[in-house]
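Read through the structure below, which is laid out as structure tokens, and then see the notes.
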Amino acid sequence: MSNKLTGEDLEKALKDRKLPSEGTADEKRAAVKAYDAANKSSDESKDASSDQSAAKVEDDATKSEGTTTLDSHLNAPSVTAPGDGPADTTDPNELASSATPDKGAAAQAGHGTVNAVVKVGDAPEGPVATSLPKSKQRIETYEATKPDGTVVTVTHNLDTGATSVE
């Protein structure tokens with residue numbers, strides 16, 4: 001029989017590791033397992049760089065509860081709030097880019113997936129996208145049907161995020 005974390009033991013494990021406590025029991029157990037795998041101390045051939053990577057995974061995992069920001073590590077799965085995907089961020093000022101992950105280190109740590117999206121900077125201040133001439137802005141227009149059957153035209157500016165329904 002396995003030692004499966006449940007109830008108070010699971011909540012204590014999350015609290016001790018400063019992990020978010022939202023989500024299903026399976027999601028919580030997976031977060032504890034990923035955290036432990038990334039931070040396990042081993043007397044084997046661990047070098048200083050892998051120790052620093054494990055500490056960085058901990059830093060990424062201890063961000064504010066209920067928020068998802070981009071991780072900087074490339075040797076473990078992304079740490080996200082329940083319902084968010086691996087490249088999601090709830091910080092509108094983060095700019096993301098794909099990166100080459102360390103699949104070998106992730107596999108050795110027992111991870112089936114690895115983070116491959118990192119923060120590359122902050123979004124520029126102010127209305128940069130709106131300063132583009134209208135002819136250069138990326139705008140999509142399409143028809144959609146409302147629940148009452150009315151056909152409307154949706155216009156979405158991909159540069160500014162502005163959406164209108166007519």
Side-chain angles (χ1 to χ4, degrees), residues 1-130 138 147 156-163:
M1 187 125 265
S2 67
N3 287 339
K4 190 173 187 180
L5 287 172
T6 58
E8 289 181 23
D9 292 337
L10 179 56
E11 295 304 319
K12 183 177 180 337
L14 291 167
K15 185 176 181 183
D16 291 346
R17 291 161 180 81
K18 298 179 182 163
L19 295 172
S21 62
E22 297 93 8
T24 66
D26 287 336
E27 290 170 334
K28 293 175 184 180
R29 280 190 282 276
V32 170
K33 182 179 177 182
Y35 179 91
D36 288 347
N39 291 291
K40 70 179 175 182
S41 59
S42 169
D43 293 333
E44 298 168 12
S45 60
K46 264 196 161 188
D47 62 3
S49 68
S50 66
D51 287 342
Q52 291 170 351
S53 296
K56 190 60 183 166
V57 170
E58 178 181 351
D59 290 345
D60 291 338
T62 58
K63 293 180 181 163
S64 303
E65 284 188 31
T67 63
T68 297
T69 54
L70 297 169
D71 297 318
S72 59
H73 61 81
L74 294 169
N75 61 353
S78 297
V79 180
T80 63
D84 288 344
D88 285 349
T89 177
T90 54
D91 182 347
N93 295 317
E94 285 188 319
L95 295 180
S97 180
S98 58
T100 304
D102 188 348
K103 296 179 195 175
Q108 285 179 339
H111 302 301
T113 61
V114 64
N115 179 43
V117 179
V118 294
K119 179 179 176 180
V120 294
D122 292 319
E125 295 289 328
V128 174
T130 58
R138 299 173 302 148
H156 180 76
N157 186 319
L158 300 173
D159 296 311
T160 64
T163 302

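- Proximity of Leu158 to His156: side-chain heavy atoms (C-beta onward) are separated by under 4.5 Å at one or more points.
- One distance of note links NE2 of His111 with NZ of Lys103; it measures 15.0 Å at 0.5 Å rounding.
- Nearest heavy-atom pair, Val114 versus Pro101, reported as atom, atom and distance to 0.1 Å: CG1-CB, 3.5 Å.
- Heavy atoms only, all atoms of each residue included: Val120 and Ser97 are closest at CG1-CB, 3.4 Å.
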- Message: Quick one, Val32 with Leu14, criterion side chain to side chain contact (heavy atoms under 4.5 Å, CB included). Give me CA distance, side-chain angles, the key distance, then yes/no.
- Response: CA-CA 7 Å; Val32 170; Leu14 291 167; 3.6 Å; yes
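- The side-chain hydrogen bond (donor to acceptor under 3.5 Å, both in side chains) test applied to Lys12 returns Asp16, not counting sequence neighbours.
- Looking at Asn75, Asp102, Leu74 one by one, the single match for side chain to side chain contact (heavy atoms under 4.5 Å, CB included) with Asn115 turns out to be Leu74.
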